[in-house]
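We name chains A, B, ... by the order of the sequence lines, and we start the count at 1 in each one.
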Amino acid sequence: MPKKISLEDRKKQARRVVKQLATDYPIAECALNYETPYQLLIATILSAQCTDARVNIVTKELFAKYPTAEDIAALPIAKIEKLVQTTGFFRNKAKNIKAASQKLVDDYDGEVPQDLEALVALPGVGRKTANVVLGTAFDMPTGVVVDTHVGRLSRRMGLTAKTDAVKVEEELMELLPKKEWIQFSHRMIHHGRAICDARKPKCDQCHFAKFCPQVGVAV
DNA sequence: ATCCCGAGGG
DNA sequence: CCCTCTGGAT
């Protein structure tokens, strides 16, 4: 169990982290490939328990043939399953992608609504996916994207002790100014993939090591 | 064997 | 709260 950290300490630590993130990752962008908000929505649904590199391989073919909500809503489930098979959870993802696309066609003229409640009401779209779409495609941050990387790094760096993603998000929203939310998530994800990975974090190469409480500690 | 830009259902 | 869904990568 991680020990409890004071709010003041966590705020101070958050400022260090934000500063180092900006230094190490001046360009904070989404690693998923997409041309439209709809495509980002689909790519983000596919990214569950899958690497972004794998998602990009799958969406390259998917979006070339079926770029819009109308296109995917019209596809048979079996066809979608085959297209997204290598991203894992393919039956759930295929069903959700078709149903969400159909709902977009029916209720929003095939466009993606710029509203958290409306997004979360789409099949297969939870808080994490909705935050990604609103923050990245529409530049309308409604929260901090907390995926497996953001959660893991936030715990290792002493920003939170929570494991539940919603609670981690609440604590990060307390620590970070709203204008930092989007870049923070993208940069933390980059750092999580490149240096601070789950199995063997490269602490010897990590610029955060000088203020990271987890350096040299089994995580 | 463990983890990857989760969400839905019980 | 828990469990389930899944292939790919290391």
Touch class at under 4.0 angstrom, heavy-atom based, for A/T129 against every strand present: sugar-phosphate
Sugar-phosphate, base or nothing in reach of A/A31, heavy atoms under 4.0 Å: base
Toward the 5' end of DNA chain C, by each residue's nearest nucleotide, A/K167 or A/R199: A/K167
Roughly, in whole Å, what's the span from [atom1] in [X] to [atom2] in [N]?
X      : N      : atom1 : atom2 : answer
A/Y34  : B/dC5  : OH    : P     : 17 Å
A/L41  : B/dA7  : CG    : P     : 10 Å
A/R152 : B/dC4  : CZ    : P     : 5 Å
A/N56  : B/dC5  : CG    : C1'   : 11 Å
A/K202 : C/dT10 : NZ    : C1'   : 11 Å
A/R193 : C/dG8  : CZ    : C1'   : 16 Å

Any donor-acceptor pair under 3.5 Å from A/Q39 side chain to A/P67 backbone: yes
If you measure from the [atom1] atom in [N] to the same atom in [M], how many Å do you get, rounded?
N     : M      : atom1 : result
C/dC5 : B/dC3  : C1'   : 16 Å
B/dG8 : C/dG8  : C1'   : 23 Å
C/dT6 : B/dG10 : P     : 16 Å
B/dC4 : C/dC1  : C1'   : 24 Å

Closest contact, heavy atoms only, A/V146 versus A/K128: O-CG, 3.9 Å
With a 6.0 Å cut-off (strictly less than), is the heavy-atom count around [atom1] of [X], excluding the residue itself, greater than 12?
X      : atom1 : answer
A/K210 : NZ    : yes
A/D139 : CG    : no
A/K202 : NZ    : yes

Please write out each protein N/O paired with an N/O of nucleotides 8-10 of chain B under 3.5 Å, distance rounded to 0.1 Å.
from, atom 1, to, atom 2, distance (Å)
B/dG8, OP1, A/G124, N, 2.9

Using 4.0 Å as the upper bound for N to carboxylate O, is an ion pair formed by [Y] and [X]?
X      : Y      : value
A/K65  : A/E61  : yes
A/R152 : A/D197 : no
A/K93  : A/E81  : no

Distance test, side-chain N/O of A/T148 to OP1/OP2 of B/dC4, below 4.0 Å: yes
Below 4.0 Å: OP1/OP2 of C/dA9 and any side-chain N or O of A/R54: yes
All salt bridge (charged side-chain N to carboxylate O under 4.0 Å, His left out) counterparts of A/K82, not counting sequence neighbours: none
At a cut-off of 3.5 Å, list every protein nitrogen or oxygen paired with a nitrogen or oxygen from nucleotides 5-7 of chain C, distance to 0.1 Å.
from, atom 1, to, atom 2, distance (Å)
C/dT6, OP1, A/R91, N, 3.2
C/dT6, OP1, A/R91, NE, 3.1
C/dT6, OP2, A/R91, NE, 3.0
C/dT6, OP2, A/R91, NH2, 3.3
C/dT6, O4', A/F89, N, 3.0
C/dT6, O2, A/F89, N, 3.0
C/dG7, N2, A/Q49, O, 3.2

Among C/dG8, B/dC5, B/dT2, the nucleotide that comes nearest once only the side chain of A/S47 is considered: B/dC5
A/Y25: which of A/H186, A/H207, A/H191 passes ring-ring contact (aromatic ring centres under 6.0 Å, His included): A/H191
